[in-house]
Amino acid sequence: MSDQLLVADKLTRRFGGLSANEAVSLTLTRGRLHALLGPNGAGKSTCINMLSGDLPPSEGRIYYQGRDITALDAPQRSRVGIGRSYQRTNIFPGFTVLENCRLAAQSRHQRAWRLFANALGLRDTLDKAHAVMAEVGLEAQANRIAGTLSHGEQRQLEIAMVLATDADVLLLDEPLAGMGSEEASRMVGLLDTLRRSRAILLVEHDMDAVFAVADEITVLVNGQLLATGTPAQIRSNHEVQQAYLGEEAFHA
Amino acid sequence: MTIKTHTAGIAQAVVLAALAAYPLVGSEFYVEMVAKVLVLGIFAMSLDLLVGFTGLVSLGHSAYFGVAAYAVALIAPEFAPANLWFVLGAAVLISAAVALGIGLLVLRTRGIYFIMVTLAFTQMAFFLFHDTALGGGSDGIYLNFRPEPRIGGWMPFDLAEGSQLYYFILAVAVLVFVGIKRVLRSPFGRVLVGIKSNEHRMRSLGYSTFNYKLGAFVLAGALAGLAGVLYAVLFGFVTPELLSWHESGHVLMMVILGGMGSPVGAVLGAGAMVALEEAFSLLTTHWQLLMGGVILAVVLFLPGGLIALPGRMRQLIKSGGPHE
Ligand SMILES: Nc1ncnc2c1ncn2[C@@H]1O[C@H](COP(=O)(O)OP(=O)(O)O)[C@@H](O)[C@H]1O
Ligand SMILES: [Mg+2]
């Protein structure tokens with residue numbers, strides 16, 4: 001029971017007349033990687049935006065370890081332990097890779113009142129920043145300006161920043177998109193390790209990767225939850241097969 | 001990198017030594033002008049904290065400067081000198097409190113709305129002092145005595161004496177400069193710069209950015225207030241013009257002229273502004289026109305401001321040299 005970290009209960013989000021998510025429920029459990037599948041425009045990013053606090057849901061509730069967190073804003077949700085990455089790279093392009101990670105790590109112990117402390121001298125923060133750069137394989141680029149990294153490296157940085165916040169729940173929106181195959185397989189290996197102590201929600205188009213690492217899969221189509229189950233259940237689900245065969249956008 | 005910081009350190013030491021030695025050689029008129037540059041430099045550094053570091057373009061920063069200057073004039077007794085430490089502390093606190101109140105409201109807006117609302121508040125402050133009995137109308141208020149820095153029975157220095165006033169202002173300016181540099185490398189300062197770069201990402205990393213922006217707003221207001229106190233003490237009178245939006249625009253131009261995002265730039269901008277105004281007003285009565293031209297030229301041809309000039313020249317020299 002206590003391993004159920006995040007519960008979404010019938011989340012609905014409307015944009016004008018469009019229901020981008022319609023009564024979507026899902027549960028993220030510590031130790032398990034939950035994949036969210038669906039064609040483009042299915043509402044996957046909208047779902048993550050509601051869980052992370054970037055978008056308020058039109059209806060429905062969100063619980064973190066049993067506590068209703070629907071009213072918390074994005075920074076508050078980050079501080080309780082929900083971290084996210086973005087589908088479109090969202091970093092500090094003018095800062096070094098190290099400073100990107102350092103700022104992310106500093107958020108766990110902000111020390112806003114220590115106006116005369118040297119931020120670069122805070123050991124715990126700095127150590128964390130170096131640790132996550134090593135985890136994603138960016139240690140050698142520590143002093144590069146983030147905006148000058150390759151697209152794939154910026155994707156790695158995006159992940160490193162979430163990791164630096166020590167989140168219990170990781171909401172990862174297409175983290176592998178744009179990575180080279182070597183970087184991607186390294187990242188899949190990393191997700192595999194991270195899952196042991198966390199709950200992960202992964203949006204990903206690469207079916208081979210998804211079926212290889214997911215413990216559970218939820219399929220969204222047109223904002224509706226089509227099916228939830230183990231990879232084997234999803235693979236043999238008739239509705240899913242039909243939906244997919246009809247979808248061109250989904251042949252990754 | 002280290003060579004560069006080394007050069008900057010030497011340059012700063014040389015400038016400081018020159019400023020310290022100046023009253024020995026300069027005339028009274030010019031010593032007062034340099035003191036004015038230092039006061040406006042503090043004012044510009046405080047605005048740069050918002051504009052250059054946090055990304056908040058305030059067009060109402062004169063409110064905190066002017067309110068503190070008025071506080072000095074209003075608190076001081078009519079027939080005796082006030083205590084410097086008391087008026088200074090009280091005026092800075094009042095400015096900080098006003099910034100807190102205004103900040104709580106204006107920081108809920110963004111972009112052009114933020115500019116407009118800060119402008120509206122400074123106009124309200126202007127009319128409060130211009131049109132009510134509180135501020136002595138459009139003539140303002142004279143300060144009959146310079147405040148005394150008395151601590152118990154001891155007078156460490158005497159502000160009635162011109163060069164001692166100069167050194168006091170120089171000391172405050174150096175303290176503010178060093179203090180702002182420290183704050184900018186603190187965890188708080190790094191967050192401000194992060195907000196300027198990408199506020200959305202700062203929020204998703206767990207920073208409640210409103211609180212940080214409010215902190216920056218209050219700190220900037222308090223420092224503008226400190227500049228306002230020094231201004232009142234230096235010139236001995238206050239007028240509603242100190243609060244007007246012209247003054248807000250004036251200090252914003254100093255920041256842009258010197259180069260946003262650099263305390264040195266802010267002081268340079270204040271110096272350049274005072275020097276150019278002085279020079280142009282000797283030439284023609286339409287000096288404001290010339291001033292506008294200079295600002296335009298800087299924005300168009302030197303986007304980083306005066307502080308970017310050495311780097312630009314180095315680049316020019318390099319690109320003029322042989323190619324590899
Ligand atoms: N901020 C928004 N305003 C209006 N419509 C939006 C907004 N965000 C997403 N949508 C719409 O909601 C639907 C789901 O989008 P999204 O969640 O991004 O899908 P996915 O991530 O699965 O590709 C799309 O039709 C999209 O156009
Ligand atoms: Mg998406």
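Computed from a predicted structure; not experimentally measured. A, B, ... follow the sequence lines: proteins, then strands. Residue 1 opens every chain.
Comparing B/Arg203, B/Met202, B/Arg201 by how many heavy-atom pairs each has under 4.5 Å with chain A, the most go to B/Arg201. Here B/Gly206 is the residue among B/Ser204, B/Gly206, B/Gly179 with the most heavy-atom pairs under 4.5 Å with chain A. Comparing A/Leu115, A/Leu122, A/Val162, A/Leu120 by how many heavy-atom pairs each has under 4.5 Å with chain B, the most go to A/Leu115.
Proximity to chain A among residues 85-105 of chain B is not found for any residue, judged by heavy-atom separations below 4.5 angstrom. For residues 136-161 of chain A, the interface with chain B (any heavy-atom pair closer than 4.5 Å) comprises A/Glu158, A/Met161, sorted by residue number. Within residues 73-109 of chain A, the residues that have a heavy atom under 4.5 Å from a heavy atom of chain B are A/Asp73, A/Ala74, A/Pro75, A/Ser78, A/Arg79, A/Arg84, A/Tyr86, A/Asn90, A/Ile91, A/Phe92, A/Pro93, A/Phe95, A/Glu99, A/Arg102, A/Leu103, A/Ala104, A/Gln106, A/Ser107, A/Arg108, listed by number.
Contacts of A/Ser52 with chain B are absent, with no heavy-atom separation under 4.5 Å from either backbone or side chain.
Applying the 6.0 Å contact sphere to OH of B/Tyr113 captures no more than 12 heavy atoms from other residues, nucleotides or ligands. Atom CE of B/Met260 has 12 or fewer neighbouring heavy atoms from other residues, nucleotides or ligands inside a 6.0 Å radius.
Of all heavy-atom pairs spanning A/Gln110 and B/Pro187, the tightest one is O-CB, 3.5 Å.
Atom CZ of B/Arg185 and atom CZ of A/Phe116 lie 10.5 Å apart (nearest 0.5 Å).
Shown here are the ring-ring contact (aromatic ring centres under 6.0 Å, His included) partners of B/Phe188, two or more places apart in sequence or in another chain: B/Tyr212.
Contact check for A/Asn118 versus B/Ser186: no side-chain heavy atoms found under the 4.5 Å cut-off.
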